[in-house]
Amino acid sequence: MLFIDLLQSIADGLLFGATYSLIGIGFTLVFGVMHKINMAYAAASVAGAYAGLTLLKLAGLPPLLVIIMACLAGAVFGLLTYVLCFWLIPLSHPLATLMSTVGMLLLIDEIVVHLTAGMPVNYPTVMGGMVSLGSFLLRGDLMFIFTIAVLAMAALMYLIYRTRLGLATRAVSQQPVAAQLCGMRLGQVNALTFTISGALGGIAGSLIGSAVGLLSPLLIAPLTVKGLIVTVIGGLGSIPGAIIAGLLVGAAENVFQFVRGVTERDIYVMLLLFVFLVFRPGGILGADPGRN
Amino acid sequence: MLQVSDVETAYGKIKALKGVSLSAAKGRITCLLGPNGAGKTTLMYTIAGILRPLRGSIRLDGQEIAGLTSAAIVSRGLALVPENRLVFPQMSVKENLEAGAYRRKDAAGIAEDIARMYARFPRLQERREQLAGTLSGGEQQMLAVARALMSRPRILLMDEPSLGLAPMIVEEVFSIIKSLNRDGVTIFLVEQNAHMALGVAHHFYLMEQGRVTFSGEPGKLAEDEVIQRAYLGTRRASA
């Protein structure tokens with residue numbers, strides 16, 4: 001019985017971990033092309049989920065479409081983050097954009113708290129039922145968010161590896177000077193990367209909202225931390241790394257919760273990060289070896 | 001074809017180019033020699049639009065290109081093969097070539113040019129699906145040249161194409177330079193290897209400490225003087 005429960009928590013964790021993968025990808029994409037951390041990313045993702053819900057209600061659309069609305073809103077917030085925190089800020093100073101994005105994180109958090117009076121908002125849950133496989137139960141909503149997350153990742157992979165814009169994104173992240181010599185515009189590629197990562201964030205935010213059943217500004221801080229942990233464990237700049245690390249952190253977190261309870265859970269997640277930093281500081285799929 | 005007049009470029013407050021003037025004639029190989037730190041790479045990056053000049057003019061076929069973005073300059077027919085090659089290491093050879101044609105929209109023409117590059121550099125065809133980072137130095141140099149050619153440049157700038165290559169490969173690189181030039185590509189070449197460079201150049205300049213200090217046609221007399229100055233970076237070596 002205990003063993004089944006353990007497996008159950010691993011399965012649930014893996015399914016939910018797909019949202020962490022998306023958040024990790026968002027951090028890692030921006031780091032890949034700009035070699036900067038966007039601290040406001042998880043906040044903008046949650047804001048995208050809020051804005052998606054608001055748009056949905058305004059337009060009177062069916063609940064399923066909340067993901068698409070959040071994706072669009074997230075893309076706008078991503079671009080906005082780029083303009084305000086990167087385009088307007090001198091990039092040569094290493095700490096300037098770190099400060100500007102932390103400022104953006106706090107600003108978004110504050111705006112969300114004010115607009116919702118600090119109260120959680122109910123979020124539409126899709127496919128609330130259960131699927132049973134023997135003594136094994138799979139939550140329908142978790143399977144749904146996993147499927148959507150995988151589709152989003154597949155779309156991203158197609159964009160990055162099969163299109164002209166993706167070629168430019170990879171070129172800029174691997175060799176920015178040569179990318180410019182080929183006629184690629186850094187500003188354009190950066191803006192595009194922020195927009196794409198924002199769209200993924202919006203999707204992740206709405207998936208998390210629908211899995212939890214509500215949205216709250218209290219999601220922002222832990223999601224920021226989890227996203228950064230996933231990015232580091234996966235290897236800064238590696239998209240496949242972020243995917244694997246997201247699933248790993250999701251599963252590990254659920255196991256820790258199962259074994260030690262929800263109050264101690266995050267201690268062990270931090271410990272996992274610590275273990276990686278000590279024994280494999282480059283992350284699962286190492287840092288990009290391509291820069292000289 | 002390319003005319004650089006009185007160009008100054010600075011990194012912060014340090015001027016790397018202190019009023020450089022030179023020109024590269026159409027259909028010829030022009031070579032720029034000079035010791036380390038003379039500002040040769042800075043000049044190349046300034047012409048290609050990676051760095052912005054503080055003042056001065058850079059003209060391509062009479063049109064001012066100083067201050068344009070590198071994207072605009074590539075579109076006007078000037079391509080740079082950068083120092084250290086700078087291939088995209090995690091992309092295949094084929095993708096590197098496609099990246100070189102980024103500003104072009106003619107899919108058929110691009111495919112044709114890729115085939116032409118494979119014909120000119122058979123090694124690249126053999127390794128077309130291989131990641132560029134796994135190629136040898138010489139192969140990476142060929143790839144960097146082919147990538148630059150993919151933009152169909154009228155003038156090709158090359159920054160130290162022999163850097164870090166074995167002598168046999170250096171010979172090969174220079175024979176490629178000659179054959180490109182025979183096919184009508186104007187070439188402006190920066191080299192440390194003065195001996196090899198003077199072997200192919202129609203005209204050369206010597207640059208020292210951010211200024212052009214010598215200009216002439218290659219010949220025995222000039223060569224001794226220039227090699228000494230290019231390597232030792234001094235007017236009269238005491239040795």
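Per chain, numbering begins at 1; letters A, B, ... match sequence-line order. Both backbone and side-chain heavy atoms feed into the values below; hydrogens, waters and symmetry mates do not.
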Checklist entry - With only heavy atoms counted, which part of Ala79(B) is less than 4.5 Å from chain A, the side chain, the backbone, both or neither? => result neither
Checklist entry - Between Lys105(B) and Arg164(A), which heavy-atom pair has the shortest distance, and what is it? => result NZ-NH2, 3.4 Å
Checklist entry - If you take all heavy atoms of Cys182(A) and Ala99(B), which pair is closest and at what distance? => result CB-O, 3.3 Å
Checklist entry - Does the side chain of Leu167(A) come within less than 4.5 Å of Glu95(B)'s, by heavy atoms? => result yes
Checklist outcome for this item: Which of Val74(B), Ile73(B), Ile50(B) passes side-chain contact (heavy atoms from CB on, under 4.5 Å) with Leu181(A)? Answer is Ile50(B)
Item to check | Region of Arg85(B) that comes under 4.5 Å of a non-hydrogen atom in chain A | outcome: neither
Item to check | Partners meeting side chain to side chain contact (heavy atoms under 4.5 Å, CB included) with Leu192(A) (sequence neighbours left out) | outcome: Leu165(A), Thr169(A), Ile196(A)
Checklist entry - Could Arg170(A) and Phe88(B) be counted as a cation-pi pair, given that NZ or CZ must be under 6.0 Å from the ring centre and within 45° of the axis? => result no
Next on the checklist: So which residue, Leu78(B), Val81(B), Thr69(B), Leu80(B), ends up with the most heavy-atom pairs under 4.5 Å with chain A?
Outcome noted: Leu80(B)
Checklist outcome for this item: Rounding to 0.5 Å, atoms CD (Gln174(A)) and CG (Leu131(B)) come to a distance of 8.5 Å
Checklist entry - Just wondering, are more than 12 heavy atoms of other shown residues or ligands nearer than 6.0 Å to CZ in Phe274(A)? => result no
Checklist entry - So, the side chain of Gln175(A) versus the backbone of Leu86(B): is there a donor-acceptor pair under 3.5 Å, distance only? => result no
Next on the checklist: With a 6.0 Å cut-off (strictly less than), is the heavy-atom count around CD1 of Ile14(B), excluding the residue itself, greater than 12?
Outcome noted: no
Item to check | Polar side-chain atom of Ser70(B) near backbone of Gln180(A) as donor-acceptor pair, under 3.5 Å | outcome: yes
Checklist outcome for this item: Whatever's closer than 4.5 Å to a heavy atom in chain B on Arg185(A) counts as side chain
Next on the checklist: Heavy-atom cut-off 4.5 Å, strictly under: side chain, backbone, both or neither for Ser75(B) against chain A?
Outcome noted: neither
